[in-house]
Protein chains: 2
Amino acid sequence: MAVRLDEIDVQLLNELQQDADRSNLELARIIGLSPAATLNRVRRLKKSGVIRTISARLDPGQAGFPLQVYVSATLTRHEPRASRVFEQAVLAIPQVIAADWVAGEIDVMLLIVARDVAELQHVLTQLSLKGAQRLTTLLRLQEIKPTSPLPLTSSPEN
Amino acid sequence: MAVRLDEIDVQLLNELQQDADRSNLELARIIGLSPAATLNRVRRLKKSGVIRTISARLDPGQAGFPLQVYVSATLTRHEPRASRVFEQAVLAIPQVIAADWVAGEIDVMLLIVARDVAELQHVLTQLSLKGAQRLTTLLRLQEIKPTSPLPLTSSPEN
DNA sequence: GATGAAATAGCATTTGC
DNA sequence: GCAAATGCTATTTCATC
């Protein structure tokens, strides 16, 4: 499941998680490797799937979404069919910007953004219609810690 | 608070949220703008703060963290001092990869990764020691929807 | 099996419009 | 915002460890 990473891979991944908006040359200088080797490693990390994407992270508030909420819910029915209906709804609602099945007190955790309360209510209603029950909404007030790099460590050499 | 975005900005942000691993030239071709204009706009979007960072998103499982959990909690005390102690702890614990103050049934929502159950327990203990109460852990089972682009719309022209 | 150095092709970035 | 020009970078190649 997990990919084998040496110290240089870890260094590269840390740098890229922090800031991927740098040239390969700059990255090479930081790591202390030639540009060619750096490029090869980064390519390998992308192909291996450890790096899922390189993407821009926006500030939701600045981008016009003052409301950001965590929504947890259970499903009214737990058959595969009902789950799939719900999943499709989640995928189709653009204000749902992330969603996971979880184990615990509830079944799903969602991250939702909205421009105003009416828009939020509309999304919650949609989710109810698609099988969500006991919707609990937590309004995001303030960021304590922004999405941060994973605390990577290199694999033992064997 | 929110930044003014025209249709081209929205297009650019959508592309960059989806995949920021493309040359400026490629981006320019997609948008139908000259490379110079594209570069200027992207620079502006970065400086404005709408784009917070360009970064690599890793697969936590592949990167060696099979356990990913949502943890919600209340604080034992709600004085500013207690909150700051807790915030500092959260910032200092590397397995906490995101955290927010929220309004609702609980006070904070955390996203935590761990290599195994022992590591997870250690983090939860730390949080308790720093003032977290009623810790509720939700084990992430399966992704329904990966972190997705914000459903941006351009600002009215006035 | 991966690295480094050198070479080429391509891109980022600037300038003037 | 565009087009052209310059300088730098990505990327390949190939010898090497």
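Each chain gets a letter, A, B and so on, in the order the sequences are listed, and its residues count up from 1. All of these numbers come straight from a predicted model, not from anything done at the bench.
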If two hydrophobic side chains count as joined below 4.5 Å and joins carry through other members, does Leu129(B) share a cluster with Val96(B)?
no

From CG of Asp9(B) across to P of dG1(D) the rounded distance in Å is 8 Å

Arg41(B) CZ to dA12(C) P, in whole Å, measures 18 Å

Heavy-atom closest pair (Asp9(B) atom, Arg4(B) atom, distance to 0.1 Å) is OD2-O, 4.1 Å

Practice prompt. Mark yes when over 12 heavy atoms from residues, nucleotides or ligands other than Arg44(B) sit less than 6.0 Å from its CZ; otherwise mark no.
Written response: yes

Arg4(A) atom CZ is separated from dG1(C) atom C1', nearest whole Å, by 15 Å

Between CG of Leu33(B) and C1' of dT13(C) the distance, given in whole Å, is 15 Å

Side chain to side chain donor-acceptor pair (under 3.5 Å) filter on Asp100(A), not counting sequence neighbours, yields Tyr70(B), Arg140(B)

> Does a donor on one side chain sit under 3.5 Å from an acceptor on the other, for Glu143(A) and Trp101(B)?
Replying inline: no

If you restrict it to nitrogen or oxygen atoms, what contacts under 3.5 Å exist between nucleotides 8-14 of chain D and the protein, and what is each distance?
from: dA10(D); atom 1: OP1; to: Asn24(A); atom 2: N; distance (Å): 2.4
from: dA10(D); atom 1: OP2; to: Leu25(A); atom 2: N; distance (Å): 2.9
from: dT12(D); atom 1: OP2; to: Arg43(A); atom 2: NH1; distance (Å): 3.4
from: dT12(D); atom 1: OP2; to: Arg43(A); atom 2: NH2; distance (Å): 2.6

Does atom NZ (Lys46(A)) have a neighbourhood of more than 12 heavy atoms from anything else shown, all under 6.0 Å?
yes

Crowding at CD, Glu26(B) (>12 non-hydrogen neighbours, <6.0 Å) | yes

In numerical order, the residues of residues 46-55 of chain B whose heavy atoms come under 4.0 Å of DNA chain C are none

With sequence neighbours left out, the residues meeting side chain to side chain donor-acceptor pair (under 3.5 Å) with Arg29(B) are none

The side-chain contact (heavy atoms from CB on, under 4.5 Å) partners of Glu15(B) (sequence neighbours excluded) come to Arg22(B), Leu27(B), Ile30(B), Ile31(B)

Of all heavy-atom pairs linking Ile106(A) and Ala73(A), the shortest is CB-O, 3.6 Å

Terminal axes of the helix from dG1(C)-dC17(D) to dC17(C)-dG1(D) (5 end pairs apiece), angle rounded to 10 degrees, sit apart by 40°

